[in-house]
Every structure is written in C-alpha cells, then in structure tokens.
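Quick note: numbers below take in every heavy atom, side chains included, and nothing from hydrogens, waters or symmetry partners.
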Amino acid sequence: MFRDQAQPAFAGLDLLYASALTQAAMVREGSISSEALVALAIQRANDTATDINCIAVPRYERALEDARHIDVEIARRADPGPLCGVPVTVKDGIATVGDRQTFGSLSMVDVIAERDDVVWARLKAAGAVLIGKTATPEFYHEVTTHSSLHGVTRNPWSLELTPGGSSGGAAAALAAGIGSVAVGSDGGGSLRCPAACTGTLALKPTVGRIPHESFPDTFGNYSSMGPMAHCVEDLVATYAIMSGPTDADALSSLARVADGSRCSGNLEGTRIGWLAKPGGYLVETEISDRCSAALGVLERAGASLQPDLEPGLLDGAHAIYRVIGAVGHAGRLRQLGASARSMWGETFRNIADLGMSFSAADLAQAQEARTALFRRVQYAFRHVDVIATPSLTRSPGPAAAQCPVHGEDYAAWAAALYPFNLTGHPAISVPCGFTSEGLPVGIQLVARWHDEERLFDLAAAVQAASLGWTERPSL
C-alpha cells in the first residue's frame, strides 16, 4: 500500500521532516542517536518559539534524559519499539505524569498530572520521546488557538493567521518540524480543522477506537483522541499503537486493536459521495477546486463518485452540537467550583453560562436529535462507502480571532466537522493542495464505524499524487 521506506541520508531540517518510521529506523540502526534527534527537534522548537508559540509545556531536559535512555537500550541490543527514539508532542490537557496539565486555563495552571493517560503510556512504551505539550485554547472551546495563559499560536504558513484549533499547537508544531508525530483530541473538529489549516494529516477515529479515558461522560462521548502526522505511514503506525480497549472507556470495549496490515491500497469499487455544501454553507471556490482535484485522483485510482448523496444530510447539526457542547463545558463549574470562573476568559465564561441556561428537556431533545442525525448518516452509507467533504469551508482567519464552538462563525467554518463527532464516524483530513495565497487545503473523508483502514487507503492514493505534500513553510 505505502511507498518504500528506504530513504536517502538526512540532515538538519530534512531529518526533522523525515517520516517518524524512517527516523526510528535510523535511531535503531545507529545512523543517529535518539539524543541527537531529540536535540535537533528541541532546537527547532526554540528557533521558532517567538514566531509560532506552539509549545505550552516544554519538557526539554526530561526529553533528552528519555532519549539517552533509549540510546542505552539500543546499545544493549534491545528494541525500544516502533517509534524508537522519535520526538513527538502531546496536546496540553492530555495527562503526562509529572507535567503541568493546564488545558490552556489560568484556573488549571498549578495542576500536575499524577499519571500518564493510557494513550501516552502506549506511545511511550513504543519508544516515543515527548519533547513538549502543545498549546490549546481554554478547555478546547474554540477552533482558533490562543489563551490568556499561553498567548497566541500562529500558523507556520502565514504568521498572521490561525493554525486552527483546538489542537492548533499540535498542528503548528508538526508543520514547523517540531516532532514527527503529534497527539491531539477532536471534540468538534479539533484535529481535522488544524490539519487542514497547516497542511498536515489528522485522523478522528471512530468514537472509542482510541480510548478517551479523560472524557467525563463515557456513554455520551463525542470526542476522540487521535494522531497527526506528515504522511499516511506514520498516521497508521501511531493509530495502531494508540488504539484498543481500556477499562476506563466503555466505548473502547467495542473496538478491536487496529491492524494497519489490513490496508489493501485497492480502491476498486469504492463509492464516494461528495457533499459540496456541508450543512448548506458555501465553500470558497479555491477550496472546492482543490478538493475536486483530489477526488479526480481517487477516481483514477479506481473509486467512483456517486452524485445522489442527500444535500441536506448534515443540516441542523450545529443546533444539536451547540446544546450538547455547551452543557459539557458548563460541567467545569461543577468540577472546579465557582471561584475558578473569575480566571476564565470571556468566551469560555459565555459558553459555560449558555450551558447552564439549557434545561434537562433541552438536553434530552438534543440527544434525540443526535440519534436522528446518526441514523441519517448510517442510511447514507447504504449507498456509498465514503462521504467526502471539504475539511473547512474557508481558509484560516486571523491568529487572534475568536471562534468559540457555540458561535455562528464556527458553525459555518467547521460545518463538515462537528456532525461526525455527534455521529461517531471515523474521519480523516488529507492535504490536497494550496490556494493562490499559498495556504493549505484539506479534504475530509468519512467512513463507516471501525472502517479506518479504508480511509488510510484513500489518503495514501492522494499522498501518492503529491498535490503539494512535499512543500514546507518557510520559517
């Protein structure tokens, strides 16, 4: 399915942008030490810190210690794992023992994680080295990335613009060559939005496929942990490591451990339904054009486009998400107490207050509407194997702009994203070129529950056609 991993010698920035699997092979073979590779990533983080401000919780000294431990293990002829000595980042808010866990909020600034989240524990056991935790908006409530605690995070492709959010720090770091893989979460587009803004890959898996043990309502969950990467090979490998059941996540018990070897690369007979105006919102012409080019690649690889996908499939989704999301954010009042409210930013206070204003009947009605949306999408999958949409309806806006998830700007910009959080279906954002202004464009591909391998096959076909995949921001 994937291109040969054999690569020429790398150095400097070329090494930082090499695939994680290539880096791991080089460390394993002794072509470079993990300590040297991690030091190179840390230097890149320091060199770009003023420009993009993507690392919220640096752990550089600990990372170098961890890398030296990997090198000792290799010297003893041990195999530290598939991500042997590779530098990675993890989104702030995901627990990593001994590190601050702030969620981008002044009200959480003194919280230190007492244990590793199961997802990071699995990656650490696979040999990954954590160099830092990446910036987020406060409690992940926006799809731009700025906070009173960490300041404004900027897009490496254009420093005036946002890298998206809420995993915006993760995407900015990856696009800038700071870490070969990034770990984020997606409760309303928070992986796929920043991936589309920064020309990177991101997977929101089927809900529960990768456990999300920190989400407070395991039965009503609409958020997923997920990987971000430069290439499909790394995305598949990281996803396979992260996936599988855990006792703390009820939905994860429904999922088997992922097996990347099930990716066939064969697109023959794959039926793709194109949704040109998700939620009825208009899409910028250049974004539509780049997505059309990607669909053409998939057609030439054997897939077929189905013209009869219901145009109103996702209509009304934001009205559902607005209630469920705001009520979830209002839960912070219960968790942290009223005294925390004075430390929150205005937009987060607003969404928490909105959540408090909804009645139990409002929430029940939204949950019923969520079920109806799920059933509509399930019905669509009787006629197609994949639903394709633009990842975003427009290019990214200013870096410091507000875009909270209860607002109309979010409803329009991420119109193709949050509906699939509500339905739980796996979705991937795949780079598919650039606008005339040099800004990345992503196409979103959505599959049936637990059919992530089909998405990897489709993404690999787009990757093979290049469509600007070799481009880098000029930082």
For His141, which of Phe103, Phe348, Trp344 qualifies under ring pair (Phe, Tyr, Trp, His ring centres under 6.0 Å)?
Phe348
Restricting to non-hydrogen atoms, name the atom on [X] and the atom on [Y] that form the minimum distance, rounded to 0.1 Å.
X      : Y      : result
Cys197 : Pro163 : CB-O, 3.4 Å
Gly179 : Leu174 : O-CD1, 3.5 Å
Ala67  : Val38  : CB-CG2, 3.8 Å
Asp51  : Arg154 : O-CD, 3.3 Å
Thr145 : Pro137 : OG1-CD, 3.9 Å
Ser391 : Ala196 : CB-CB, 3.7 Å

4.5 Å side-chain heavy-atom contact, Ile320 and Tyr418:
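No; the side chains remain at least 4.5 Å from each other.
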For the residue pair Met242 and Val183, establish whether any side-chain heavy-atom pair is separated by less than 4.5 Å.
yes
Full working for side-chain hydrogen bond (donor to acceptor under 3.5 Å, both in side chains) between Tyr321 and Arg370
CA-CA 8 Å; Tyr321 186 85; Arg370 178 185 182 184; over 6 Å; no
Donor-acceptor under 3.5 Å ([X] side chain, [Y] main chain):
X      : Y      : value
Asn53  : His150 : yes
Asn155 : Thr162 : yes
Gln101 : Thr96  : no
Glu213 : Val118 : yes
Asn421 : Gly189 : yes
Thr238 : Leu235 : no
Ser167 : Ala170 : no
Arg100 : Ile112 : no
Ser359 : Asp362 : yes
Asp92  : Thr102 : yes

What class does the angle between the rings of His425 and Trp449 fall in, given that below 30° is parallel, 30 to 60° is tilted and above 60° is perpendicular?
perpendicular
[atom1]/[X] to [atom2]/[Y] distance, rounded to the nearest 0.5 angstrom?
X      : Y      : atom1 : atom2 : result
Arg77  : Arg28  : CZ    : CZ    : 14.5 Å
Asp116 : Lys124 : CG    : NZ    : 3.5 Å
Thr153 : Ile55  : OG1   : CD1   : 9.0 Å
Tyr140 : Asp186 : OH    : CG    : 11.5 Å
Thr144 : Leu161 : OG1   : CG    : 12.0 Å
Arg59  : Leu64  : CZ    : CG    : 10.5 Å

Under 3.5 Å, sequence neighbours excluded: what are the donor-acceptor pairs made by side chains of residues 398-413?
residue : atom : partner : partner atom : Å
Glu408  : OE2  : Tyr281  : OH           : 3.0
Tyr410  : OH   : Gly188  : O            : 2.6
Trp413  : NE1  : Arg394  : O            : 2.8

How about [X] and [Y]: does a side-chain donor come under 3.5 Å of a side-chain acceptor?
X      : Y      : value
His212 : Ser223 : yes
Gln335 : Arg332 : yes
Glu138 : Ser105 : yes
Glu35  : Ser33  : no

Counting only heavy atoms from other residues, nucleotides and ligands, does the tally under 6.0 Å from CG of Asp79 exceed 12?
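Yes, enclosed.
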Applying side-chain hydrogen bond (donor to acceptor under 3.5 Å, both in side chains) to Ser429 and Gln444, what does each step give before you reach the verdict?
CA-CA 4 Å; Ser429 182; Gln444 177 180 237; over 6 Å; no
In chain order, what residues pass the side chain to side chain donor-acceptor pair (under 3.5 Å) check against Asn350, with sequence neighbours excluded?
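Here no residue qualifies.
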Step by step, would you call Trp120 with Leu130 a side chain to side chain contact (heavy atoms under 4.5 Å, CB included)?
CA-CA 9 Å; Trp120 167 241; Leu130 177 61; 3.5 Å; yes
Ring centres under 6.0 Å, that's the criterion: do His329 and Phe139 meet it?
no
Centroid-centroid under 6.0 Å between Phe215 and Tyr222 rings
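Yes, the ring of Phe215 comes within the 6.0 Å limit of the ring of Tyr222, centre to centre.
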Passing candidate, side chain to side chain contact (heavy atoms under 4.5 Å, CB included) with Ile178, options Ile52, Asn46, Ile42, Thr134
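Among Ile52, Asn46, Ile42, Thr134, the one that satisfies the side chain to side chain contact (heavy atoms under 4.5 Å, CB included) with Ile178 is Ile52.
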Could you point out which residue of Lys133, Arg62, Arg115 forms a salt bridge (charged side-chain N to carboxylate O under 4.0 Å, His left out) with Asp99?
Arg62
